[in-house]
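Computed over heavy atoms, backbone and side chain alike; hydrogens, waters and symmetry mates excluded.
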Amino acid sequence: EIVSEYVHADVAIINDEDETTFVTFGAGARKMNAPEGMYKRFEISMSASKDTLTDKQTFLIANELIKISKFPFRNNTWLGPFHTINASEEFSKEFGFKYFVFDVLSEYDNSVVILKCVPVYESEHEAICSTQTGSIDFLEKYYDKFILDDSFNANSESVKHSINILKTCKNKKIVITGGIVELGKD
């Protein structure tokens, strides 16, 4: 970047045997408007198959990540797990992806976290949003292990609902529960 809007961001491009990984650096210099207790600083990572990338596509990915790194500042918001934003028209035209879904690669703490940016097709996005298990199906496609923390404001109905959704998972499931305090009068 020569002229920076909101925050200066660059992209490191790391090649290994099978894939190219793109990581922004610079976005973490500014705090997002995140909810209390959530991380405020971030960088973004995206990986692509090394065999199929042209120089133009490499540039497009790097440029898209720089644009995404400014999104929370331009919109006075934050990016977090499972947040979704639209891909640019140019990116969509080149790769076919319509959206990006985010997940955290590093631990939540007061330092900079790395957000994994996963490009998704419109049909994948519709599947994620259209059913109760869409997010689970998406997670199982990209991760062999994940944690579903549904403990905040838990009550007996929400716990039953979560267990029913977990039953649809193909992977091994482990359920850890705490006390359910919102039982009401019944």
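Under the side-chain contact (heavy atoms from CB on, under 4.5 Å) criterion, S47 pairs with E19, T21, sequence neighbours left out. Legend: residues meeting side-chain contact (heavy atoms from CB on, under 4.5 Å) with A34, ordered by chain and number and at least two apart, are M38, K40, W78. Residues meeting the ring-ring contact (aromatic ring centres under 6.0 Å, His included) test with F95, sequence neighbours left out: F91. With sequence neighbours excluded, the residues that form a side-chain contact (heavy atoms from CB on, under 4.5 Å) with N75 are F71, T77.
In this structure, V23 is not a member of the same hydrophobic cluster as I44, with clusters built from ILVMFWY side-chain heavy atoms closer than 4.5 Å. Connection of F97 to F59 is not established within any shared hydrophobic cluster, with ILVMFWY side chains joined at heavy-atom distances below 4.5 Å, either directly or through further cluster members. Cluster membership for I68 and I13, using ILVMFWY side-chain heavy atoms within less than 4.5 angstrom, is shared.
Annotation for D55: atom CG does not count as buried by contact number, only 12 or fewer foreign heavy atoms lying within 6.0 Å. Applying the 6.0 Å contact sphere to OH of Y6 captures more than 12 heavy atoms from other residues, nucleotides or ligands.
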If you apply the rule side chain to side chain contact (heavy atoms under 4.5 Å, CB included), what do you find for I61 with L53, and how did you get there? CA-CA 10 Å; I61 293 170; L53 283 181; 3.8 Å; yes
Test side chain to side chain contact (heavy atoms under 4.5 Å, CB included) on L60 and E90; report intermediate values, then the result. CA-CA 8 Å; L60 276 173; E90 186 178 16; 3.3 Å; yes
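Here the side chains of R41 and M32 are not in contact, with every heavy-atom distance at 4.5 Å or above. Contact check for I14 versus T20: no side-chain heavy atoms found under the 4.5 Å cut-off. Taking 4.5 Å as the limit, some side-chain heavy atom of F102 sits within range of a side-chain heavy atom of I85. Looking only at side-chain heavy atoms (C-beta outward), M46 and L65 come within less than 4.5 Å of each other.
Nearest heavy-atom pair across A29 and V7 is CB-CG2, 4.4 Å. Taking each heavy atom of F25 and V11 in turn, the nearest pair found is CE2-C, 3.7 Å. Here the closest non-hydrogen pair linking S45 and I114 is CB-CG2, 3.7 Å. Between L79 and Y39, the shortest heavy-atom contact is O-OH, 2.7 Å.
Screening residues 74-89 for salt bridge (charged side-chain N to carboxylate O under 4.0 Å, His left out) gives E5-R74 as the qualifying pairs, with residues at least two apart or on separate chains. Listed by first and then second residue, the salt bridge (charged side-chain N to carboxylate O under 4.0 Å, His left out) pairs involving residues 91-102 are K56-E94 (not counting sequence neighbours).
No donor-acceptor pair under 3.5 Å is formed between the side chain of E43 and the backbone N or O of V112. Although no hydrogens or angles enter the test, the distance criterion places a donor-acceptor pair under 3.5 Å between the side chain of E64 and the main chain of S88.
Summarising the geometry, atom CZ belonging to F42 is positioned 5.5 Å from atom OG belonging to S69; distances are rounded to the nearest 0.5 Å.
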